[in-house]
Amino acid sequence: MSEIPNTYQHHEIEDKWRQQWQAWGIYRWDPSLPRDATFVVDTPPPTVSGSLHVGHVFSYTHQDLIVRYQRMIGKNIAYPMGWDDNGLPTERRVQNLLGIRCNPTLPYDPDWRPDPSGGKRKDIEEVSRRNFIEACAVVTAEDEKAFEHLWRHLGLSLDWSEQYATIDDHCRRISQLSFLDLVERGEVYNVESPTMWDIDFKTAVAQAEVEDRPRQGLFYDLRFGVEGGGELLIATTRPELLGACIAVVAHPDDERYQPLFGKHAITPLYGARVPIVAAEHADPEKGTGILMVCTFGDVMDVEWWKASGLPVKQLIGRDGRILPATIGEAPYPSVDSAAGQRAHDALVGLPVGRAKSRIAELLAADGSLPGWDGPALVGEPKPTDQIVKFYEKGDRPLEFVPTRQWFIRILDHKAELLAQGEKIQWHPAHMKTRYAHWVEGLNQDWCISRQRYFGVPFPVWYRVGEGGEPDFARPLYADTASLPVDPLTDTPPGFDEAQRDLPGGFTADPDVMDTWATSSLTPQIQSHWGVDPERHRRLFPMDIRPQAHDIIRTWAFYTIVKAWMHEGEIPWYHVVLSGWILDPDRKKMSKSKGNVVTPDDLLVEYSSDAVRYWAARARLGTDTAFDPGVFKIGKRLSTKIFNASRFVLMQLDRAVGEGGMPGVDAIADPLDLALVERLRGVVDQATRSFEAFDYAAALQVVEDSFWSFCDHYLELVKLRSYADEDTPGRRSAVATLGLALRTFLRLLAPFVPFVTEEVWSWRFAAAGQPSVHTAPWPRSAEVEAVPRPEHDGTYEAAVEVLTAIRGAKTVAQKSLRWPVARLGIRGPERHREALGPVLEDVLRAGNVEPGGVVIEDGPSPEGEHFAVEVELAAEMPG
RNA sequence: AGGCGCGUAGCUCAGUUGGUUAGAGCGCAUCCCUCACACGGAUGAGGCCCGCGGUUCGAGUCCGCGCGCGCCUACCA
């Protein structure tokens with residue numbers, strides 16, 4: 001029996017239990033138990049180089065609420081922690097922080113150590129990929145500590161013995177294994193093709209990482225010649241791509257241009273002869289209705305080019321600058337090579353933006369064709385609202401650059417992937433539609449290669465021909481037993497390191513996989529797929545994937561792809577989607593908007609329990625405005641739990657001291673039976689809600705009934721429990737108080753784990769069962785032995801009369817202790833019968849003087865049980 | 001432009017399969033230090049349930065059409 005503290009100090013309580021939970025190890029997964037006794041969470045690995053903000057606290061709390069319920073219903077919980085330290089954000093951060101850059105061709109230097117002050121140096125140090133990865137690990141370890149501190153502070157019941165990082169050996173092995181498995185299944189290929197390309201990061205990006213941004217563009221009206229006489233006016237926003245024009249297209253039904261189909265146009269400046277072709281995608285309403293197709297301005301250009309069989313005129317390089325070209329030679333034929341070359345040379349080396357204005361000057365100055373009058377640019381450029389594709393982390397528009405990339409075949413499998421989505425339960429259910437729309441709208445295979453350094457390398461080499469050219473058609477793949485490999489430092493099977501990059505030898509694939517190629521495997525990473533089949537069987541498919549709804553198209557989708565391709569399975573049975581935290585202006589909180597709230601101050605000011613309460617109030621999938629008022633409510637609830645528990649346990653202690661603790665069989669008073677009946681309903685409803693992952697509905701019903709318990713039941717039963725003798729009435733009251741508190745603490749434990757654990761420890765902790773968090777979830781069957789109340793509405797009738805008495809005293813500006821001289825209660829028989837058995841409790845709680853009550857038959861006001869008249873005593877005795 | 005979601009008290013949100021008089025908390029007002037709690041308690045005021053039509057004995061709830069907000073997707077010449 002521990003001392004019951006007088007006041008609620010959340011800092012002390014929380015520190016104590018954080019340490020105790022770790023010492024107990026109650027959140028450990030037990031690998032010996034079978035799959036069906038286990039609840040498996042596919043924990044989101046946060047991007048460790050990102051910032052911590054309340055959005056994290058919000059969604060991770062949602063997982064923890066579900067997990068804590070599952071633990072209490074007896075499940076063996078597998079709730080690991082992963083870190084996403086792989087990929088561009090970390091690479092950038094490490095470069096800036098340590099002043100280093102990765103040069104994958106350098107050999108590994110085992111003695112090299114990162115210099116923490118390197119970021120201040122002027123000269124950038126180049127290091128090998130392995131050294132770079134080690135440096136990243138050093139930096140991310142710090143970031144991970146910050147997250148871990150926050151998670152522990154918040155009381156997340158993670159199993160800290162189960163951790164992974166997406167760049168560690170294990171994750172690289174699983175990622176490469178996945179790649180090789182997909183090679184074997186024919187689901188992966190590499191091809192040189194125009195790819196969405198970020199010119200600053202100098203890497204390919206996937207469809208899912210692209211976002212549209214509105215932009216103010218300019219329409220340039222350009223005169224094109226028509227072979228055999230005449231001219232065309234073409235509106236374009238990208239005049240700098242004029243040299244890459246391979247055709248001119250108009251809609252087949254467009255009568256203005258029908259006579260020209262089959263003829264050729266001559267481009268200004270370059271003098272290229274290009275076909276005039278009918279194409280469905282041309283919109284007669286837009287611009288002049290006729291447009292130039294370039295290699296490559298946008299997705300339509302790429303698609304049209306693929307179907308056309310025309311040559312590529314690649315004018316934009318990987319750095320976004322205009323490439324040199326020999327005008328007059330294939331693929332740049334010209335009717336006036338000299339003029340064309342002059343024009344093009346003026347652009348070479350310029351970034352696209354500057355090239356645009358430069359060519360506009362040229363076109364405005366002249367640019368017309370031999371024998372023509374006037375400039376090719378007609379009038380002033382006209383502003384137009386455009387929507388341009390950007391890499392989500394990028395600052396300049398994407399270009400389409402032909403490069404060799406690895407792709408996973410997803411376009412061929414839309415139907416199967418939609419079917420997989422149907423097998424998974426989405427919470428809330430309408431989120432499934434988002435998944436379906438994304439799958440239906442796919443128009444590219446999944447590009448998984450990135451021209452970066454900090455990532456999982458492809459376990460691939462190529463034979464080098466006698467002429468020094470790599471044989472991309474027949475890659476050399478690593479042996480699965482050798483994984484993880486780095487082809488830049490490891491040697492392919494059957495070759496010798498001395499043959500690297502030599503004719504007749506081999507060369508490494510220099511690329512790394514996109515982060516999503518690894519994070520799409522979080523279930524397999526956790527289950528050790530392909531490495532430990534027994535463990536895999538105990539963890540896969542998983543129970544839940546908690547995540548935010550904005551990454552359905554990436555994380556959820558890609559994970560479903562991988563699980564289906566590898567094993568024909570769904571990765572998890574449920575996807576549980578959290579909403580966003582919005583700032584008071586209802587904008588999404590994000591670092592880039594500068595409106596983030598950091599959680600640390602909130603946790604200190606209001607307590608972890610209060611912050612968790614705030615998160616728990618938000619229903620799944622629903623965006624929630626950041627409202628500090630809710631933290632206050634959470635803190636009030638915690639304080640109330642603390643104080644009400646003190647009261648109840650003091651009554652229990654007294655009873656134990658005087659006559660032994662009464663068991664549930666002592667519960668007999670009608671008011672107590674009515675309370676137990678209400679508890680049954682609350683337990684059943686909360687359980688039903690949790691089973692549907694609706695923690696917010698569970699919280700609502702538990703919280704409401706707990707407040708009613710404090711405000712009404714405790715007041716009604718107080719004086720009976722104070723009785724000096726060990727009467728049946730007192731025994732019933734004390735037994736009910738104990739039962740109710742035991743029940744409420746367990747119902748509230750997932751939401752406010754600290755204060756409930758504190759109170760539980762005072763009297764309810766047992767030797768083999770020290771924590772409320774491993775105590776069994778309450779069931780209505782626990783109180784089967786307690787009889788049902790004789791009448792319905794007993795509790796409500798008592799509350800109504802008590803409220804009327806309190807109201808009268810409040811209106812009279814008297815203390816609630818003030819005696820009532822006369823209490824008139826009028827109502828129909830049904831209600832009087834419900835009230836009768838608890839009348840004594842009500843009169844005691846209302847301090848009604850003996851004999852002062854008059855009960856009579858009659859109608860009650862609408863919506864109420866009784867008409868109540870209260871006459872207060874003239875004065876307060878003593 | 002299509003799809004999904006949302007619109008309820010000043011604010012943040014509940015509102016099950018349609019069913020008497022639409023709920024909670026915060027905030028506000030008035031009052032009360034009573035032996036669990038002043039980090040508290042009691043009581044109260046406050047709603048054209050976005051608008052217009054429809055179905056129904058009955059609509060916050062179902063259907064249609066609008067309006068506003070958010071997100072997803074598509075528009076990139």
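Naming: A, B, ... by sequence-line order, numbering from 1 per chain.
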Is the ring pair [X]/[Y] parallel, tilted or perpendicular, if the boundaries are 30 and 60 degrees?
X        : Y        : answer
A:His831 : A:Phe866 : perpendicular
A:Tyr8   : A:His10  : tilted
A:Phe642 : A:Trp762 : perpendicular
A:Phe706 : A:Phe744 : perpendicular

| field | Salt-bridge contact A:Glu399-A:Arg238 (side-chain N to carboxylate O under 4.0 Å) | value |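 Looking at A:Arg238 together with A:Glu399, the answer is yes, because their closest N to O distance falls below 4.0 Å.
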| Salt bridge check: are A:Glu392 and A:Arg213 linked by an N-O gap of less than 4.0 Å? |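 Between A:Arg213 and A:Glu392 there is no salt bridge, as every charged N stays at least 4.0 Å from the carboxylate O atoms.
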[N] pairs with which nucleotide, Watson-Crick or G-U wobble, both distances below 3.5 Å?
N     : answer
B:C13 : B:G23
B:G47 : none
B:C62 : B:G54
B:G70 : B:C4
B:U34 : none

Would you mind telling me which of [options] lies closest to the side-chain atoms of [X]?
X        : options             : answer
A:Leu816 : B:C13, B:U43, B:G41 : B:G41
A:Val630 : B:U12, B:G70, B:U34 : B:U12
A:Asp298 : B:A74, B:U43, B:C76 : B:C76
A:Arg553 : B:G41, B:C76, B:U73 : B:U73

| Rounded C1' spacing from B:G10 to B:C4 in Å |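 Taking atom C1' in both B:G10 and B:C4, they lie 30 Å apart.
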Measure the distance from [atom1] on [X] to [atom2] on [N] and round it to the nearest whole Å.
X        : N     : atom1 : atom2 : value
A:Glu211 : B:A74 : CD    : P     : 12 Å
A:Glu800 : B:A42 : CD    : P     : 17 Å
A:Trp818 : B:G41 : CH2   : P     : 23 Å
A:Ile13  : B:C39 : CD1   : P     : 17 Å

| task | Over all heavy atoms of both residues, which pair between A:Asp221 and A:Ala235 is shortest? Give the atoms and the distance, please. | result |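 Nearest pair, atom of A:Asp221 first, then A:Ala235: OD1-CB, 3.4 Å.
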Once you apply a heavy-atom cut-off of 4.0 Å, does [X] come out as touching a base, just sugar-phosphate, or nothing?
X        : value
A:Thr803 : sugar-phosphate
A:Trp438 : sugar-phosphate
A:Asn847 : nothing
A:Gly807 : sugar-phosphate

| message | Tell me if the CZ atom of A:Arg256 is crowded by more than 12 foreign heavy atoms within 6.0 Å. | response |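 Atom CZ in A:Arg256 is crowded, with more than 12 foreign heavy atoms closer than 6.0 Å.
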Tabulate atom names and distances for all N/O pairs under 3.5 angstrom spanning the protein and nucleotides 35-38 of chain B.
{"from": "B:A36", "atom 1": "OP1", "to": "A:Tyr722", "atom 2": "OH", "distance (Å)": "2.7"}
{"from": "B:A36", "atom 1": "OP2", "to": "A:Tyr722", "atom 2": "OH", "distance (Å)": "2.6"}
{"from": "B:A36", "atom 1": "O2'", "to": "A:Arg646", "atom 2": "NH1", "distance (Å)": "3.1"}
{"from": "B:A36", "atom 1": "N6", "to": "A:Glu715", "atom 2": "OE2", "distance (Å)": "3.2"}
{"from": "B:A36", "atom 1": "N3", "to": "A:Asn643", "atom 2": "O", "distance (Å)": "3.3"}
{"from": "B:A36", "atom 1": "N3", "to": "A:Ala644", "atom 2": "N", "distance (Å)": "3.3"}
{"from": "B:C37", "atom 1": "O2'", "to": "A:Asn643", "atom 2": "ND2", "distance (Å)": "3.1"}
{"from": "B:C37", "atom 1": "O2", "to": "A:Lys640", "atom 2": "NZ", "distance (Å)": "2.8"}
{"from": "B:C37", "atom 1": "N3", "to": "A:Lys640", "atom 2": "NZ", "distance (Å)": "3.3"}

| task | Determine whether the side chains of A:His427 and A:Asp694 contain a donor N or O and an acceptor N or O closer than 3.5 Å. | result |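 No, A:Asp694 and A:His427 have no side-chain donor paired with an acceptor closer than 3.5 Å.
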| message | Regarding A:Tyr722 and A:Gln651, do their side chains bring together a donor and an acceptor under 3.5 Å, going by distance alone? | response |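 No - no donor-acceptor pair under 3.5 Å links their side chains.
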Can you check nucleotides 3-5 of chain B for protein contacts, nitrogen or oxygen pairs under 3.5 Å, and list what you find?
{"from": "B:G3", "atom 1": "O2'", "to": "A:His437", "atom 2": "ND1", "distance (Å)": "3.2"}
{"from": "B:G3", "atom 1": "O2'", "to": "A:His437", "atom 2": "NE2", "distance (Å)": "3.1"}
{"from": "B:C4", "atom 1": "O2'", "to": "A:His430", "atom 2": "ND1", "distance (Å)": "3.4"}

| request: If a pair satisfies side-chain hydrogen bond (donor to acceptor under 3.5 Å, both in side chains) and one of its residues is in residues 287-308 of chain A, list it, with sequence neighbours excluded. | output: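 Residue pairs with at least one partner in residues 287-308 of chain A: there are none.
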| request: Return the set of residues passing side chain to side chain contact (heavy atoms under 4.5 Å, CB included) with A:Ser578 (not counting sequence neighbours), or none when no residue passes. | output: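 Partners of A:Ser578 by the side chain to side chain contact (heavy atoms under 4.5 Å, CB included) criterion, ordered by chain and then number, come out as A:Ser59, A:His62.
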Any N/O pairs under 3.5 Å between the protein and nucleotides 26-30 of chain B? List them or say none.
{"from": "B:C26", "atom 1": "OP1", "to": "A:Arg636", "atom 2": "NH2", "distance (Å)": "3.1"}
{"from": "B:G27", "atom 1": "OP1", "to": "A:Lys632", "atom 2": "NZ", "distance (Å)": "3.1"}

| remark: Reading nucleotides 14-20 of chain B from 5' to 3' and marking B where a protein heavy atom lies under 4.0 Å of the base, S where only the sugar-phosphate is that close, and - otherwise, the string is SS-----
| message | So A:Met196 and A:Val210, do their side chains get closer than 4.5 Å, heavy atoms only? | response |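 Yes - at least one pair of side-chain heavy atoms lies under 4.5 Å apart.
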| query | Hey, are the side chains of A:Arg646 and A:Pro5 touching, using non-hydrogen atoms and a 4.5 Å cut-off? | reply |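 Heavy-atom side-chain distance check fails, nothing below 4.5 Å.
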